[in-house]
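What follows is one structure encoded as structure tokens, with my remarks underneath.
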Amino acid sequence: MIRKTTTNKSSPRNQHSNIWRNCTNFRTLKQIHALMIVNGFNSNQYALRELIYASAIAIPSAIHYAHQLFDKISEPDLFMWNTMLRGSAQSSKPSTTLPLYARMEKCCIKPDSYTFPFVLKACTRICWVTSGKIIHGKVVKYGFEWNKFTRNTLIYFHANCGEMRIARALFDDMAKRDVVAWSAMTAGYAKRGDLSMARRLFDEMPSKDLVSWNVMITGYVKQGEMESARELFDMVPKRDVVTWNAMISGYVLCREYQRAFEMHEEMRSAGEYPDEVTMLSLLSACADSGALDVGEKLNSSILEMDEGALSIVLGNALIDMYAKCGSIKKAVQVFRGMKEKDVTSWNSILAGLAFHGHPEECIILFEEMRRTKFVPNEITFTGVLVACSHAGKVDAGRGYFNLMKNEYKILPNIRHFGCMVDMLGRAGLVEEAFEFIDTMEIKPNGIIWRTLLGACKIHGNVELGRRANEALLKLEHDESGDYVLLSNIYALKGEWDGVEKVRKLMDDSGVKKEAGYSLIDSANQAFLHFLLDSKCQIPSGNRTIKSVKGKNMESVM
DNA sequence: GTAGGGTTAG
């Protein structure tokens, strides 16, 4: 048995209403909605409040439905607006919160003390610094800066987005600092890697609760300081699932998979139930270590949860785990069996096929994806281009590369270029690969030149090989002399693991990765106008959202 | 009906 992360919280009103108390899943929700329409309650304000609450908060998977319902309500009240903001902020798409708030302002609905904590939570989750600062201004304008909840959320926002000075000023200027404010500051220092400052706050806190302990433990875990984390873990007066998850994810991060698995056993013995997050950590441990047997057991546990309803994230993690453990058939089976999928589900299976010996199937499945509503992203194309490279399909690869740029407006990143160079090099088109590098909008990194160098060796092109080698040496001399030195030291000692680590470090940091851009859709126009109204400078025509590592980042304006 | 901690794809 594992417990689901999201609990179905009931509003006080729900407790008085049997029909809503029984509304615990999407199907029932739709039935109740149908009953409302049939019985003429679909314009009753209280019934609508319940309906919005159930779809936006109580049943997290229904948030999309909540948005559709909400759009049809002619004059939603403040409670409904706040409920929608709350639901959006905690959903998988927090970026929908700000356009919603902008619409609220446009409708001349005055916010109350509940409004801003939700909006700020969204800004924090997606690190929308500029928008969050504008919201901070609104908080002051409407006079909520002294509201305890709002102020704590503001501190958390600034601390989490790297503005420790602002967070500190807000914190110092508080009449009564509660444990939430202390924990927010501790988390902020820990996040920027200042563990000694974080620890000082943690030790100075007048009182600590479970969350403060978890914040400090997580701080150590994120910096790989597992010994300190363990020390606190042994000292903590009470543990919850988050405490266990922090430790498990820490051991996975520092590749101590066996310890992570042992922690999981220990956790169950202590009577704590794993949740979705525990499972995600453990599945990634299986994927990285090839522990198929453990992965299969986890799969069984997951299926016991919630009458076998598999969440999208867990389905995605299972696909990845099976693919990386060499069980590609099981990976496809999980993918096919998923009732709901997202773009990550497609990316997981496409990458699984591409990287584990099934490039043709990857390409076929990608064509299937294009026939669905799912829009591929930059990660999708990494998988597809790898598949073309491994299958030797040069024409298809060139086609998909252009499709990505022209149809989906995705700027190719260093991995995409790497795939193309690899593909051309493998096919013996070394000269074309060289010309291709010349056309790159971003500076080639070590991987690109090494790939080309390898191809030149195989195909016996001495002249181009020499040029690739020169470029590689120049790059390493210019940008990563220390890394090379370090790498050589490892190599001298025969520590090839170290060589690989340094090389990875070089390739990850040596090249400035350009962010991909995508257009804000028309639904977000209200948000744009909101930003413009807020005297935020946006150069004309620069209506962009940056997409970095799959996460939407707001424009830097 | 409000705030803080843990998370999957290259």
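The chains referred to below are lettered A, B, ... by the order of the sequence lines, with proteins before strands, and numbering in each begins at 1. Computation of the quantities below employed the complete heavy-atom set of this structure, encompassing side-chain atoms and omitting hydrogens, waters and symmetry-equivalent molecules.
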Using a 4.0 Å heavy-atom cut-off across all strands, classify [X] as base, sugar-phosphate, or nothing.
X: V221(A); result: nothing
X: K222(A); result: sugar-phosphate
X: A351(A); result: sugar-phosphate
X: F118(A); result: sugar-phosphate
X: S345(A); result: nothing
X: F116(A); result: nothing
X: V313(A); result: base
X: S348(A); result: sugar-phosphate
X: N147(A); result: nothing
X: T344(A); result: base
X: D320(A); result: sugar-phosphate

What's the [atom1]-[atom2] distance between [X] and [N], to the nearest Å?
X: D209(A); N: dA3(B); atom1: CG; atom2: P; result: 15 Å
X: K341(A); N: dA9(B); atom1: NZ; atom2: P; result: 19 Å
X: I379(A); N: dA9(B); atom1: CD1; atom2: C1'; result: 6 Å
X: F374(A); N: dA9(B); atom1: CZ; atom2: P; result: 18 Å
X: I302(A); N: dT7(B); atom1: CD1; atom2: C1'; result: 13 Å
X: I349(A); N: dG10(B); atom1: CD1; atom2: P; result: 12 Å
X: N152(A); N: dA3(B); atom1: CG; atom2: P; result: 11 Å
X: R86(A); N: dG4(B); atom1: CZ; atom2: P; result: 11 Å

[options]: which one has an atom nearest the side-chain heavy atoms of [X]?
X: K121(A); options: dG4(B), dT7(B), dG10(B); answer: dG4(B)
X: S183(A); options: dG10(B), dG4(B), dT8(B); answer: dG4(B)
X: S249(A); options: dT2(B), dT7(B), dA9(B); answer: dT7(B)
X: S281(A); options: dA3(B), dG10(B), dT7(B); answer: dT7(B)
X: R415(A); options: dT8(B), dT2(B), dG10(B); answer: dG10(B)
X: N377(A); options: dT7(B), dA9(B), dG4(B); answer: dA9(B)
X: N316(A); options: dG4(B), dG10(B), dT8(B); answer: dT8(B)
X: V180(A); options: dG10(B), dT2(B), dA3(B); answer: dA3(B)
X: V211(A); options: dG4(B), dA9(B), dT7(B); answer: dG4(B)

Open item on the list: Any donor-acceptor pair, under 3.5 Å, between the side chain of N160(A) and the base of dG4(B), if you only look at N and O atoms?
Closed with: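 Flag unset: no donor-acceptor pair detected.
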
[X] side chain vs [Y] backbone, donor-acceptor pair below 3.5 Å:
X: D178(A); Y: A181(A); answer: yes
X: R151(A); Y: W146(A); answer: no
X: S389(A); Y: L385(A); answer: no
X: R125(A); Y: S91(A); answer: yes

Task: Ion pair check, R49(A) and D77(A), cut-off under 4.0 Å - done: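 Yes, R49(A) and D77(A) are salt-bridged.
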
Task: Contact check, side chains of F144(A) and Y114(A), non-hydrogen atoms, under 4.5 Å - done: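 No; the side chains remain at least 4.5 Å from each other.
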
- [ ] May I ask you to verify if any side-chain N or O of K324(A) is less than 4.0 angstrom from the OP1 or OP2 atom of dG10(B)?
- [x]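 Indeed, a polar side-chain atom of K324(A) lies that close.
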
Task: Distance-only polar pair, side chains of N347(A) and T344(A), donor-acceptor under 3.5 Å - done: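 No donor-acceptor contact under 3.5 Å links the two side chains.
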
